[in-house]
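These notes concern the structure reproduced below.
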Protein chains: 2
Amino acid sequence: MCDEPLRDRLVRVGVELLEQEGLPALTLREIARRAGVSHGAPRRYFPTHLELLSAIARAGFAQLEVAVRPRPGDGPRAQLATLARGYLAFARANPGMFALMFRHDLLASGHLGLRETSLPLFDRLVDLVAGVGTRSAAPPRVVAGALWANLHGIAQLGGWGSLQLATGEDDPEPLVSAALDAYVRG
Amino acid sequence: MCDEPLRDRLVRVGVELLEQEGLPALTLREIARRAGVSHGAPRRYFPTHLELLSAIARAGFAQLEVAVRPRPGDGPRAQLATLARGYLAFARANPGMFALMFRHDLLASGHLGLRETSLPLFDRLVDLVAGVGTRSAAPPRVVAGALWANLHGIAQLGGWGSLQLATGEDDPEPLVSAALDAYVRG
DNA sequence: TGACGCTGTAGACAGTGTCTACCTACTACT
DNA sequence: AGTAGTAGGTAGACACTGTCTACAGCGTCA
């Protein structure tokens, strides 16, 4: 039962460690320790710490993809709302993973798999925005970019309490509704 | 001419180092080296690395306040545009500083001076939003929060090229215009 | 003169990521 | 069957980090 490949085990242990202890605890040596191997072992599969973190982040993008998956039968507007609220809910439920996923200084930039997972997601957002119809003359791709940035900003600023402090509102939901209302037709 | 207090010199050297070498280079020991003192000296003024980084970030917020200062004689709409574009321009011109300012895990949370500088700035945004008039029924404070999150998301995602990759547009200006149009009256 | 703070030095410590030499078990070939 | 080769993991060194503690130089004031 212990025949799980070390490569997979390292990523799995990393995800767990990230959930339990947060991003600063996600050191190469601690991951190796929890996986029950020496600190040099990960090097066999991940030449550098960044590559291991990138693999963990890629697992996070896969989780995110599930979190924003539309429910069957929903129209474009409902799918868009699901995507937006799913994005925020994911960031709220997995703060460490969300922080890692967008810490580009920690990730091997251009790493295969990261852009592969996130770009199709954005394309889906573009399609939904185009399907619902925008309020501005800008092309759907630009509106989708602005909307994504808006959701991401809410997640980011909300994640460390800045938005709560500024607006006096603890729930990010009004902001999400405002963003959706601002960009797409009701 | 060398009578600049070490405390100020450390912050100044830190700001320069951040501009020149980026956030990862901003170690306590390197700052001390460039300030020409031993690595233990900063401890006299900043008990921990986080406190020194917080002081540097506070200098950054002061710079930001200047960057978004409205031009005299402008109406609320123009002031709002100046604030939005100034925020983006600052993030673009000072990527390292911008990254530090919002790396809450690196900053001493609740550090005096950080919230003191950023909250009045947000209040100004609220006033401008209220002055111009919003497109939604949400209170100005919520709209201002959503708009801030939007600008911040554009700055963040644009900073590492994700938005350019997604939208195919290199200039964030269309996104800023879209955000302003989406939230406030033209 | 002598005690006392203030300011900075120097070294130790545990922890990190990376690198290199080695060791072992298994595979494949002659 | 015997042996060479290799994949997979170990162990230790290295330079670097932030923190801590003991100590030295210096001015001030009683």
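Side chains included, hydrogens not; waters and symmetry mates left out as well; all remaining heavy atoms used. For clarity, every value in this text was computed on a predicted model and none was experimentally measured. In what follows, every chain begins at residue 1, and chains take the letters A, B, ... in the order their sequences are listed.
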A:His39 side chain, from C-beta outward: closest of D:dT17, D:dG9, D:dA11:
D:dA11
Interatomic distance, A:Asp8 CG vs D:dG8 P [rounded to whole Å]:
13 Å
Side-chain N,O (B:Arg33) to OP1/OP2 (D:dT17) below 4.0 Å
yes
What integer distance in Å separates B:Arg43:CZ from D:dT17:P?
17 Å
What integer distance in Å separates B:Leu52:CG from D:dT17:P?
14 Å
If we ignore hydrogens and angles and just use 3.5 Å, is the side chain of A:Arg85 paired with the main-chain N or O of A:Ser177 as donor and acceptor?
no
ring-ring contact (aromatic ring centres under 6.0 Å, His included) with A:Phe122: of A:Trp148, A:Tyr87, A:Phe61, only one passes, and it is A:Trp148
To the nearest Å, how far apart are A:Phe46 CZ and D:dG9 P?
12 Å
So how far is it from A:Leu180 CG to A:Arg185 CZ, rounded to the nearest 0.5 Å?
15.0 Å
Pick the closest DNA chain C nucleotide for A:His49 and for B:Gly36 by heavy atoms, then say which residue is nearer the 5' end.
B:Gly36
Look at the aromatic rings of B:Phe102 and A:Trp160 and report parallel, tilted or perpendicular, splitting at 30° and 60°.
parallel
Take the protein atom CD of B:Glu51 and the nucleotide atom C1' of D:dT19, then report the distance between them rounded to whole Å.
13 Å
Where the side chain of A:Arg135 meets the backbone of A:Asp181, is there a donor-acceptor pair that is under 3.5 Å apart?
yes
Note: A:Arg124 and A:Val68 closest approach over all heavy atoms is NH2-O, 3.2 Å
I need the CZ-C1' distance between B:Arg44 and D:dT21, as an integer number of Å.
11 Å
Identify whether any heavy atom of B:Thr27 sits under 4.0 Å from a base atom; if not, whether one sits that close to sugar-phosphate; answer base, sugar-phosphate or nothing.
sugar-phosphate
State plainly whether the residues A:Glu16 and A:Arg34 are in salt-bridge range, i.e. N to O under 4.0 Å.
no
Tell me whether the OP1 or OP2 atom of D:dG9 has a side-chain N or O from A:Tyr45 closer than 4.0 Å.
yes
Reading DNA chain C in the 5' to 3' direction, which nucleotide is the first one with an atom under 4.0 Å from a heavy atom of chain A, and which is the last?
C:dT16 to C:dT20
